[in-house]
Peer 1: 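The structure's right below; bear with me while I get my questions together.
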There are 2 protein chains.
Amino acid sequence: MARISAREKLLDAARDVVRAQGFSATSVDELCAAAGVTKGAFFHHFASKEALGAAAADHWSETTGALFASAPYHAPSDPLERVFAYIDFRAGLIAGDLAEFTCLVGTMVQEAYRTSDAIRTACANSIFGHAKTLEADIAAAIELYGAPAGVTAESLARFTQSALQGGFILAKAAGNDAPAREAVAHLRRYFELIFQPGRKGDAP
Amino acid sequence: MARISAREKLLDAARDVVRAQGFSATSVDELCAAAGVTKGAFFHHFASKEALGAAAADHWSETTGALFASAPYHAPSDPLERVFAYIDFRAGLIAGDLAEFTCLVGTMVQEAYRTSDAIRTACANSIFGHAKTLEADIAAAIELYGAPAGVTAESLARFTQSALQGGFILAKAAGNDAPAREAVAHLRRYFELIFQPGRKGDAP
DNA sequence: GCACACATACCGACTGGTTGGTATGTGACA
DNA sequence: TGTCACATACCAACCAGTCGGTATGTGTGC
């Protein structure tokens with residue numbers, strides 16, 4: 001029976017509680033209670049609350065990275081199909097409670113971008129690192145099918161994350177997941193229009 | 001000499017400090033110091049910190065509402081040109097410090113959507129209310145030029161806000177305004193592709 | 001195979017400062 | 001003279017972080 005370390009339990013608790021309440025509004029005591037560990041354990045593993053925040057962002061990068069790496073959207077042989085499969089996979093993740101499908105690092109970086117460079121950097125690595133995993137497929141799709149002038153794979157990959165993060169904010173405001181689903185649908189249509197056959201003004 | 005009331009000063013201070021630090025991380029004392037008023041004045045005007053948050057969101061709706069209402073993007077006679085002029089106007093607002101051009105209510109709703117219904121509602125009214133001001137022009141553009149099946153003015157208006165809010169998050173992560181400008185550029189291209197002449201599959 | 005030295009993981013009472021909020025006072029103006 | 005718009009003083013709860021201590025390994029020399 002593999003026992004879960006206090007560190008792991010705190011990281012998992014941080015993921016859940018921070019997505020529901022935000023980082024600043026969550027106290028160390030609350031985190032410990034949610035994780036079922038003591039304050040001593042907290043400060044044994046993390047030098048400060050800020051360090052826990054940065055570690056939680058790194059942990060998020062690792063767990064979501066593994067989820068996306070093993071996801072089925074990499075299967076199609078056509079790169080453009082893989083991109084659409086990615087978008088559809090993201091749409092499928094939008095289900096259940098808001099705090100379950102929204103983004104930890106998107107939430108944290110809004111609160112801490114100016115007050116904690118450690119957290120800001122860890123969140124930036126998570127978001128832009130994930131965007132980077134899409135670049136190869138998008139670049140191959142552009143190579144194969146062409147794209148309007150000025151469209152680059154890097155920029156397009158980043159925009160997928162902008163659309164998603166923005167959808168999450170509107171979903172939180174609305175109190176339901178509809179705006180997030182809607183944002184993904186528009187994102188998909190944007191890609192369909194960019195790569196539609198017979199679009200004028202560019203060549204593969 | 002029109003004296004500015006403590007209430008107004010607190011609302012303005014909240015706008016600036018909350019955009020820089022977040023709502024939870026900002027204390028009432030800090031707000032009072034930034035506004036140059038005492039704690040007595042704070043609780044004379046607001047029943048609680050939460051009430052100040054909701055009032056700040058409402059104040060944001062009013063001031064930004066006035067800014068957009070008097071902006072020059074309403075001038076063109078063609079509705080689609082007005083939509084592009086709006087997008088370009090938004091692009092022009094992205095300048096200077098991150099805390100100066102990012103969105104107060106987008107920041108607040110991420111922190112408070114689950115803990116304060118008053119704040120969540122005020123933020124939702126601000127975001128969706130602003131989106132609503134775009135609907136007439138977008139609907140007229142669809143009427144005039146047609147749009148792909150499934151595209152509605154309401155949904156498209158909301159998506160403009162998703163793209164912007166997401167751009168702000170990535171900008172905060174990056175530490176500069178580039179991702180926000182980039183998001184607006186992609187949003188513009190999406191509209192160009194939706195309304196491009198000769199697109200297949202639909203009629204005006 | 002066992003004693004010893006040291007390391008890691010954790011515990012929980014405690015502290016000094018901060019928090020949102022309250023109670024009471026005061027000057028200006030109607 | 002009353003009431004509105006603030007100011008001052010204060011409080012109990014809570015905050016992040018500390019600290020002395022314990023329990024359980026783990027590698028090493030004999």
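For clarity, every value in this text was computed on a predicted model and none was experimentally measured. Numbered from 1 within each chain, the chains take letters A, B, ... in sequence-line order.
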Peer 1: Tell me the interatomic distance from B:H44, atom NE2, to C:dG25, atom P, rounded to whole angstroms.
Peer 2: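 Rounding to the nearest Å, NE2 of B:H44 and P of C:dG25 are 18 Å apart.
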
Peer 1: Without decimals, in angstroms, what is the distance between A:E30 CD and D:dA16 C1'?
Peer 2: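 Value for this atom pair: 13 Å.
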
Peer 1: Tell me: CZ of B:F43 to P of D:dA7, nearest whole Å?
Peer 2: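 In whole Å, D:dA7 P lies 14 Å from B:F43 CZ.
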
Peer 1: Which whole-number value in Å describes the distance from B:L52 CG to C:dT19 P?
Peer 2: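 These atoms are roughly 15 Å apart.
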
Peer 1: Give the rounded distance in Å between these two atoms: CD of A:E50 and P of D:dC15.
Peer 2: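 It works out to 19 Å between those atoms.
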
Peer 1: Could you report the tightest heavy-atom contact between B:W60 and B:T63, atom names first, then the distance?
Peer 2: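 Shortest heavy-atom contact: O-OG1, 3.3 Å.
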
Peer 1: From CG of B:D29 over to C1' of D:dT8, roughly how many Å is that when rounded to an integer?
Peer 2: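 Taking CG of B:D29 and C1' of D:dT8, I get 13 Å after rounding.
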
Peer 1: Would you name the heavy atoms of A:P148 and A:I194 that are closest together and state the gap between them?
Peer 2: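 The pair with the smallest heavy-atom distance is CD-CG2, 3.7 Å.
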
Peer 1: Which nucleotide sits closest to the side chain of B:K49: C:dC10, C:dG21, D:dA16?
Peer 2: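 The nucleotide sitting nearest to the side chain is C:dG21.
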
Peer 1: Let me know the distance between CZ of A:F42 and P of D:dC19, rounded to the nearest Å.
Peer 2: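 In whole Å, D:dC19 P lies 17 Å from A:F42 CZ.
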
Peer 1: Where does the angle between the aromatic ring planes of A:Y145 and A:F195 fall among parallel (under 30°), tilted (30 to 60°) and perpendicular (over 60°)?
Peer 2: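 Correct class here is perpendicular.
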
Peer 1: Might you point out which heavy atoms bring A:A163 and B:F159 nearest each other, and give the distance in Å?
Peer 2: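 Nearest pair, atom of A:A163 first, then B:F159: CB-CE1, 4.1 Å.
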
Peer 1: Look at all strands and tell whether A:S24 reaches a base, only sugar-phosphate, or nothing, counting heavy atoms closer than 4.0 Å.
Peer 2: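 No contact.
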
Peer 1: Report the nucleotide, chosen from D:dA16, C:dG20, D:dC6, that has the shortest atom-to-atom distance to any side-chain atom of A:V28.
Peer 2: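 The closest nucleotide is D:dA16.
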
Peer 1: On DNA chain D, compare the nucleotides closest to A:A25 and A:A47; which residue's is nearer the 5' end?
Peer 2: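 Nearest nucleotide further toward 5': that of A:A25.
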
Peer 1: Counting only side-chain nitrogens and oxygens, does A:T38 get under 4.0 Å of the OP1 or OP2 atom of C:dC10?
Peer 2: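 Indeed not, no polar side-chain atom of A:T38 lies that close.
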
Peer 1: Which listed nucleotide (C:dG21, C:dC10, D:dG17) is nearest to the side chain of A:K39?
Peer 2: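 Between C:dG21, C:dC10, D:dG17, the one nearest the side chain of A:K39 would be D:dG17.
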
Peer 1: OP1 or OP2 of C:dA9 less than 4.0 angstrom from a side-chain nitrogen or oxygen of A:H45, does that happen here?
Peer 2: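 Negative; the distance criterion is not met.
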
Peer 1: Relative to each other, are the rings of B:F68 and B:H130 parallel, tilted or perpendicular (30° and 60° limits)?
Peer 2: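 The rings of B:F68 and B:H130 sit tilted, inter-plane angle from 30° to 60°.
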
Peer 1: Among C:dG12, D:dC15, D:dA7, which is the nearest nucleotide to the side chain of B:V37?
Peer 2: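 The answer is D:dA7.
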
